[in-house]
Each structure stands twice: as C-alpha cells, then as structure tokens.
Number of protein chains: 2
Amino acid sequence: MTEKRRSRVTLQQVANHAGVSRATASLVVRGSPHISKETREKVLNSMKELGYVYDRVAANLRSHRSSTVGLIITEIGNPFFSDLLAGVHESLDQEGYTVILGTTFDSPAKQDELLSTMLEYRVGGVIMSPVPGCSVDMVERLKQWGIPVVLVAREELPMRQFDYVGIDNVAGGRLATKHLIQQGHRRIAFIGGFSGSSVWRDRKKGYCEALEQAGIELDESLLIQSLTTRKGGMEAMKRALELPNPPTAAFCYNDVVAFGAMLGLKEVGMMPGRDIAIVGFDNIQESAIFHPPLTTIAAFPERIGVHAAHILHKRMTGETSEPKRLILQPELVVRESSSGIPHSS
Amino acid sequence: MTEKRRSRVTLQQVANHAGVSRATASLVVRGSPHISKETREKVLNSMKELGYVYDRVAANLRSHRSSTVGLIITEIGNPFFSDLLAGVHESLDQEGYTVILGTTFDSPAKQDELLSTMLEYRVGGVIMSPVPGCSVDMVERLKQWGIPVVLVAREELPMRQFDYVGIDNVAGGRLATKHLIQQGHRRIAFIGGFSGSSVWRDRKKGYCEALEQAGIELDESLLIQSLTTRKGGMEAMKRALELPNPPTAAFCYNDVVAFGAMLGLKEVGMMPGRDIAIVGFDNIQESAIFHPPLTTIAAFPERIGVHAAHILHKRMTGETSEPKRLILQPELVVRESSSGIPHSS
DNA sequence: GTGAAAGCGCTAACAA
DNA sequence: TTGTTAGCGCTTTCAC
C-alpha cells in the first residue's frame with residue numbers, strides 16, 4: 001500500500017555514538033531519573049547530532065502500550081459531529097494521544113470494519129458514536145482485549161456495560177415540545193429522523209410526555225420520519241403541510257432537518273416563525289445565523305467530546321470503576337423561529 | 001500514557017494450529033497467490049477459530065511500509081476545513097489507508113510538533129495545510145526520509161518542491177471584485193483575514209487587478225484586516241462603516257468573515273444586499289441558507305481533498321514525477337447579498 | 001547507574 | 001509451494 005522509505009537513525013546508533021548501551025539510551029529517551037547527568041547529556045547530544053527520531057511504533061510493539069486513540073463518528077458532514085470531533089481531538093491531543101479517525105456513514109458493516117482496523121493498529125482506546133442497528137459483538141471484543149471504549153451521543157443496543165456520554169434526549173424533546181405548547185400550539189409535528197435510532201425514540205418520548213402533560217392526544221400522522229439531512233427535512237415538512245389538518249408548529253429531529261423544513265416552508269411562501277413555529281435540536285453554530293434564527297435545544301457536542309476524552313484517558317491510565325454514564329442536560333435556546341402565533345385550524 | 005492489554009493471538013499460534021510454518025501463515029494473511037487451496041483454507045480456519053487479528057503495527061515495522069497517512073489541518077471549526085477533511089478522509093479510506101489527524105490552530109510550533117509525531121508514528125505520507133509563517137525545515141525533513149507530502153489550500157514558503165492542490169485565489173479575488181464592479185460599485189472594501197497569509201495576499205491581488213482593470217484607484221484604507229472568524233468579520237465591518245467615506249460594497253476574505261460582516265451590518269440596522277453589497281469566499285454550505293443568501297466564490301474544499309488524496313496515493317505507490325501543482329478554478333455563485341444598488345456617496 | 005540478552009509479532013530472503 | 005533463519009527498533013528483565 002505504500003513505498004519504502006529511507007534509513008532511520010536507530011537507538012543503537014545513538015548508543016554507539018555516545019558510547020553507551022542501547023538500554024541506557026532507551027532510558028534517556030524516556031526520561032528515566034536513574035541516569036547520571038553526564039550520560040544523559042552525552043546521549044542527548046548524540047541524538048541531536050544524528051537526527052534521531054523516536055520510533056513510537058516499535059516502542060508500542062515491544063511495550064504493549066499505545067498512545068493512539070480511535071475516534072469513530074457517523075458523519076463528518078453534520079456540524080454536531082465536527083464539533084464533537086473538535087472537543088475530543090483537542091482534549092486528547094493535550095494529553096499526548098494521537099487520534100486515528102474513522103467515519104461509518106451510518107453503516108454497521110463499515111463500523112465493524114473500522115473497529116477491526118483500530119484493533120489492527122493497536123489503539124489504546126476508542127471513542128465511538130455507534131450506528132443504529134449495529135451489533136455489540138465487535139465492541140465487546142475490544143473490551144475483552146482490554147481496550148476501553150467510550151460511547152458518545154447515541155445509545156444503541158444494550159450498552160450499559162460501556163462508558164457513555166450523551167445528552168438527555170427525552171428531556172430535550174420535552175423541553176422543545178413544552179415550549180411550543182406554551183406558545184399556544186396544539187397541533188405539533190415531530191419531523192425528521194428515523195425511528196430505528198435511539199436518539200429518535202428518546203426525543204419522541206419527550207415529545208409525547210409533553211403532549212400528555214398538556215392533555216393533548218398524540219396524532220400519529222404528525223410523526224413524519226425522514227433522512228437526517230436538509231433535503232430530508234424539506235421533504236418531511238412538505239408532507240406535513242399536505243396533511244388534511246396540518247400542524248401549526250414542528251419540533252424537528254435536529255437543526256439540519258429544521259433548516260430543511262424552514263427552506264421547504266419558504267419555498268411554498270410560508271414564513272417560519274410567523275406562519276408556523278419551528279424548534280430544532282443541537283444548537284449548531286448555524287442555527288443562530290439562519291433566517292429566522294432557529295429556536296433549538298442546545299446539546300453541547302463539544303462538551304460531550306471533552307468529557308468522553310477525559311473518561312477514556314482515565315480508563316487508559318488504569319481506572320477500573322463501574323461503567324460511567326454521563327448525561328448532560330439540554331437547554332432551550334429561544335430565538336425567532338418559534339414565535340409564530342398558531343392559526344386557528 | 002496507557003494501560004497494558006490482554007494477550008493477542010499471534011501468527012505463530014495460528015501456524016501451529018494449522019500445522020504450517022509462520023511464514024506460510026503470513027503469506028495466507030496477505031493473500032499471496034502462491035499458496036495451495038488446502039493450506040489456505042486450513043490457515044483461514046485456524047484464524048477464525050482462534051480469533052486472530054492481524055497486527056499491522058508489527059507488520060509495518062518489519063516491512064518498512066506504512067498504510068497510515070497523516071492529515072494536518074489548521075482549524076476544524078471552519079466548515080471549509082471540515083469539508084476538506086471529509087474529502088481526504090473518504091478517498092484515503094477507500095484506498096485502504098488509515099488517517100491520523102492533527103490540528104495546528106495556526107501555530108507554527110504546533111505544526112512542527114505534529115510533523116514530529118507523524119514521523120514517530122511512521123506515517124507513509126502526509127497531507128497538510130501549512131500554517132502561515134511556518135518553517136520549511138520539518139517538511140523538508142519528511143521529504144528527505146522519503147515520506148511524500150502533499151500541501152493543500154495554502155501556499156506558504158517556497159514550497160514549489162512539494163505537490164500542491166489548491167484554488168486559484170487570485171482569480172477568485174478578481175471574480176468577486178469584478179462582480180461588484182459590474183453591479184455599479186466603485187468603493188469596495190476588502191474585509192477580513194490577515195496579510196501574513198498567502199491566501200490573503202492572493203485574494204487581495206485579484207481584488208487589485210479587478211480594480212485596476214476598471215480604472216478604480218486602490219484605497220488602502222479599504223483594506224481592513226481581522227481574525228478569520230465571525231467576530232473578526234463583524235468588527236472589521238464596523239471599522240469600515242466608520243470610515244469618513246465608507247464603502248458601498250465589501251469583498252470578504254471568506255464566508256465565515258462575511259457572515260460576521262453581515263451580522264455587523266444588521267446590528268446597526270443595515271441590510272446586506274440592499275444597503276451594502278457583500279461577497280464571500282469558499283461557498284461553504286451555510287452560505288446558501290444565510291439570510292440574505294451569500295454571493296460567494298466557490299472554492300470546492302471537498303474536491304481539493306479528493307485530489308490531494310489521489311496524488312498522495314500515487315506518490316506512496318511509487319510515482320516519482322516532478323512536483324505537481326493542481327490549481328482548481330473558482331466559480332462565482334451569485335445570490336442575494338450582492339444585489340444592492342450603490343448609494344451615491 | 002549501566003549493560004547483556006531475550007523477544008514484541010511480523011516479513012524478507014533464501015533454501016528446500 | 002512451503003520452511004528456515006534472521007532481524008525491523010524498541011523495551012524488558014535481570015545481572016553487575
């Protein structure tokens with residue numbers, strides 16, 4: 001898959017140059033305290049002179065350690081995940097880890113393949129956002145090998161045995177729906193996403209709870225699934241409008257879907273926030289600058305990433321407590337897209 | 001930096017189990033054609049039974065090859081780079097490479113550190129967006145080691161010795177400025193960015209050329225630098241408005257800056273596209289859904305990433321031609337933010 | 001504090 | 001087609 005490269009300066013050469021043994025040179029490289037100043041300096045000098053570069057691969061092989069971490073996300077396109085990535089990456093980087101990246105594009109097969117690759121590369125740990133419908137086998141396998149796995153953002157399968165960092169999607173769904181109810185809406189659609197995912201089910205649960213609390217009966221026809229893309233959101237919204245008794249408000253699966261939904265409304269000459277109220281989920285950066293600015297549920301992807309990185313770091317340095325579950329509380333961010341007063345219907 | 005892991009099934013064990021030598025087992029793993037069907041199957045079976053996982057690290061160490069590629073970008077936050085990342089990642093993934101990610105946050109020191117790390121990890125190649133003001137030393141070092149480097153998106157230093165994939169920033173600047181001139185503007189600011197970067201200088205060059213062609217004299221006070229963030233763009237725009245003779249149009253360093261500029265305008269009650277015309281650069285996804293939709297120069301980050309990945313792959317598989325320069329042509333995307341008619345001034 | 005020897009898991013070169 | 005031998009560059013014992 002590649003090409004040969006030129007000769008590497010080895011620790012042996014450094015040792016020869018400095019007139020010590022390879023073992024001693026190795027201790028110097030790793031900053032061992034049991035080395036006299038003189039030898040240390042001799043070796044350090046030789047390293048510089050020869051242009052020595054530490055071979056972490058060889059070291060990892062021999063020592064059975066790894067400073068590599070695998071990060072597996074489902075899609076880079078969604079800002080939620082690029083923010084998550086940023087959080088993980090930066091924290092891990094600070095701790096001295098190196099990150100190997102993988103993207104599943106929501107394919108279970110691809111996820112297994114990536115986990116395999118991670119194993120082959122001897123990663124010391126994995127942070128992963130699991131694909132809906134994936135099997136737990138591969139993940140368990142990593143665990144059996146003693147490779148800690150921290151799950152983020154999605155809870156698929158019976159995964160209580162793993163560390164998990166995510167957002168409270170039920171609470172988020174409740175928050176969003178309650179807000180719309182308080183604005184006077186009673187016909188509220190839940191738009192976009194796919195019922196096969198745990199995230200969808202949780203947000204829907206919150207949606208249902210809020211309706212029930214307000215004494216509004218659930219109308220199944222207002223549950224409109226779609227791809228979690230802008231296009232998917234647009235189509236879903238159009239289907240909602242074609243209903244015999246269309247909604248006056250919509251809680252969207254996430255911000256990307258909400259953008260699509262709002263674009264769909266504009267296309268048919270309706271104004272989100274005036275003709276129909278919209279609430280999203282995630283609070284990605286774009287939601288503040290969309291027109292109208294999107295009311296949404298903040299899900300703090302970057303924070304999730306940072307927490308996951310910390311937990312993984314602890315696991316990799318020997319912490320063996322029970323699996324942790326860290327559920328961040330979402331927050332309602334009110335902007336203009338939800339300010340519409342419901343039409344009588 | 002990590003923890004020990006459990007025992008790995010080795011090729012030796014597989015070989016024992018199958019009753020062949022380690023070398024034979026190795027050939028089977030790598031799909032050599034010089035192996036009889038029976039032995040292949042025996043070995044394959046043993047692998048499955050024992051749960052064998054290929055150790056790519058050990059293999060790379062021994063074979064002096066590497067299927068790992070380093071990807072170094074400057075900031076993940078900017079959608080331009082996350083799109084670039086997506087392009088690189090997907091292409092490389094398809095070719096069977098694994099990607100190690102690094103982010104420099106525009107710090108030359110961090111860049112050198114990352115390049116060192118890449119060396120330590122024995123990457124087979126590197127794709128990198130160089131930091132303005134970085135030194136060429138480390139990069140040359142990689143090259144001396146026989147590790148191919150493909151530069152993307154930015155041309156810092158005398159880097160003609162490396163492969164490069166980017167956009168024609170001069171043409172882009174010209175395109176943007178010409179468009180504004182055609183709309184009737186004569187006082188056009190160039191807003192945001194930092195004159196230390198090659199990208200800024202090139203876009204400014206295009207801007208100047210277009211002005212000159214139209215017989216408009218360059219007014220240095222209309223060159224307003226800033227951080228390449230939304231906030232930076234906002235502040236730069238405000239400074240522009242405070243000028244004794246403010247501009248009627250602005251060509252912004254990139255889309256993110258343009259968003260900031262437009263937000264700044266809105267804050268003082270002006271409407272971008274009506275009171276003042278705005279053109280951005282990059283055509284990131286958000287530019288289509290901003291309000292008003294942003295006129296911009298498409299820079300095709302994902303395509304840049306795909307091309308860079310292809311070139312690197314060729315280099316890694318032995319192509320030794322002269323350094324390639326692939327300069328994509330930008331395209332003007334006209335939307336509503338540039339439709340304003342210039343005020344008399 | 002430092003050195004000698006063994007070996008991580010694999011592939012390369014050769015021999016059979 | 002398959003086995004033998006050597007060794008990638010490093011860390012790990014365990015001597016001294």
Quick one: is [X] getting a side-chain N or O under 4.0 Å of the [N] phosphate, OP1 or OP2?
X        : N      : result
B:Thr10  : C:dG9  : no
B:Thr39  : D:dT2  : yes
B:Tyr121 : D:dG9  : no
A:Ser26  : D:dC10 : no
A:Arg40  : C:dT2  : no

Hydrogens and angles aside, do [X] and [Y] bring a side-chain donor and acceptor to less than 3.5 Å of each other?
X        : Y        : result
B:Tyr121 : A:Ser67  : yes
A:Ser198 : A:Glu155 : no
A:Ser36  : A:Thr39  : yes

Task: Side-chain donor/acceptor of A:Arg8 to base of D:dG9, under 3.5 Å - done: no
Whole-Å distance between [N] [atom2] and [X] [atom1]?
X        : N      : atom1 : atom2 : result
A:Arg122 : C:dC10 : CZ    : P     : 8 Å
B:Leu27  : C:dA13 : CG    : C1'   : 12 Å
B:Trp145 : D:dG9  : CH2   : C1'   : 11 Å
B:Ile35  : C:dT11 : CD1   : C1'   : 14 Å
B:Leu11  : C:dA12 : CG    : P     : 13 Å
A:His64  : D:dT11 : NE2   : C1'   : 10 Å
A:Asn60  : C:dC10 : CG    : P     : 15 Å
B:His34  : D:dT2  : NE2   : P     : 12 Å

How would you label the contact of [X] with the nucleic acid (heavy atoms, under 4.0 Å): base, sugar-phosphate, or nothing?
X       : result
B:Val29 : nothing
A:Ala23 : base
B:Val57 : nothing
A:Arg22 : base
B:Leu61 : base

From [options], nucleotide with atom closest to [X] side chain:
X       : options               : value
B:Asp55 : C:dG9, C:dA12, C:dT2  : C:dG9
A:Ser21 : D:dG3, C:dC10, C:dA4  : C:dA4
B:Arg62 : C:dT11, D:dG9, C:dG3  : C:dT11
B:Ala59 : D:dC8, C:dA12, C:dT11 : C:dT11

Task: Over-ring placement of A:Lys143 relative to A:Phe162, 6.0 Å and 45° cut-offs - done: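 That pair qualifies as a cation-pi contact.
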Open item on the list: Looking at A:Tyr54, is its backbone amide N or carbonyl O close enough to the side chain of A:Arg8 to form a donor-acceptor pair, meaning the two atoms are under 3.5 Å apart?
Closed with: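 Side chain of A:Arg8 to backbone of A:Tyr54: a pair is present.
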Open item on the list: By nearest heavy atom, map B:Arg30 and A:Ser36 onto DNA chain C; which one lands nearer the 5' end?
Closed with: A:Ser36
Task: Crowding at NZ, B:Lys314 (>12 non-hydrogen neighbours, <6.0 Å) - done: no
